[in-house]
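Shown next, in structure tokens, is the structure this report addresses.
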Amino acid sequence: MRLVYHFGNGRRGGILNPLEGDDFSMPYLRLPGLIDVHVHLREPGGEHKETFETGTRAALAGGITMVLAMPNTHPPLIDSASLALAESAAAARALCDYGLYLGASGENIESGAALAPRCAGLKFYLDATFGPLHIKDLRTLREHFARWPKDRPIACHAEDRTIAAVLTCAQLERRSVHICHVSRADEIHLIRDAKQAGIAVTCEVCPHHLFMNIEDDMKRLGAGRHEVRPRLATRADQAALWANMAYIDVIATDHAPHTLSEKDGPNPPPGFPGLETSLSLMLTAVHQGRLSLEDVVSRMYENPKRIFGLPAQPDTYIEVDTDAVWLPTHRGTVSRCGWTPYDGWELRGRVERVTLRGRVVYRGGTFSGAPGSGQNIRSSAVV
Ligand SMILES: [Zn+2]
């Protein structure tokens, strides 16, 4: 099915005020509920940064109705018991639909594959990251690749030369692999060439690597706040990502909330929040003529759904005022972390209403869904 979207609805500029009442007489742009395949919701163990409730509220405010949550929590999600902790927390509190990744570790090579039906996918941390799941040896990588079901996704935090190692392992097992948050020219060029050679690789890029770089944004953000993994790259890297948009399958936020006191402290943890701003950043690029609306919908809905084998969300859609201009602020942030790297940026296009399975769950800054109304996308699994 080919979807046709009309961008722009005749309303002009101005900073949008919160909606009053139910004035939806204006024809807002209607899009599918978006999917973010890479978020950190910090539960269990980091609830002062984010929870399934606060993180899924942030998702809905950004037009995202399905999130895949990463396993580098405390405890990390590496076995049935830790997975059950996150499953019950999400079942009690999530406001949008979700899936949970299993973290690959040296300890769950034998047991991990049996948990695949309960998981969104298997996540590897192969380069410097936040949390305890860093894998350094080739054997663990290969053995997981050999065992994990071929019809279930593997997602890798792999940078630079590590991407080549991952592609080799995937090729040897005749399976696909998804590379997370690609940020550098050399990386997107390798993935482009691998795709052209017929290798089954997909990749995601984060808005912060498309819209920020180390030369222009490190000083503005400040010493601790610019810390993110992979790091902000150079202007040339940023330009290479845009130039190779055709090879980028997915836009994912890597929403990684930490509090401002942590970011401004002596050991600033890496990560940016991103759920509330990703669609508006991409729509700003559409407004600037850098992308088409179809480019955005394919990378924030169609490709994530296909690559990760995600279920349809019936009667689920978002309505967007494509002409609204708004400024994200630290104070206006829904995420518990309470800040945004885009404070004061002028963004074009704002989510006005979100409908999940026939029920309006977000409208003009107000949430009406109940915590726990989100569903586990692998809910057929026996918990
Ligand atoms: Zn991440």
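The structure displayed is predicted, hence computed values, not measured ones. Start at 1 and go down the list; that is how both ligands and their atoms are numbered.
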Exercise for the section: Check the side chains of Asp295 and Ser292 for a donor-acceptor pair under 3.5 angstrom, ignoring hydrogens and angles. Expected result: yes
Practice task
Assess the side chains of Thr54 and Thr51: does a donor N or O sit below 3.5 Å from an acceptor N or O?
Solution key: yes
Fill in the blank from the handout: Heavy atoms of Thr253 and Gly274 approach each other most closely as CG2-O, 3.5 Å
Practice task
Compare every heavy atom of Gly55 with every heavy atom of Leu275, then report the nearest pair and how far apart it is.
Solution key: CD1-O, 3.4 Å
Exercise for the section: Tell me yes or no: between the side chains of His48 and Glu262, is some donor less than 3.5 Å from an acceptor? Expected result: yes
Practice task
Give a yes or no on whether the ring-centroid distance for Tyr317 and Tyr28 is below 6.0 angstrom.
Solution key: no
Handout entry: Protein N/O/S atoms closer than 2.8 Å to the Zn ion (ligand 1)
Key = His38 NE2, His40 NE2, Asp254 OD1
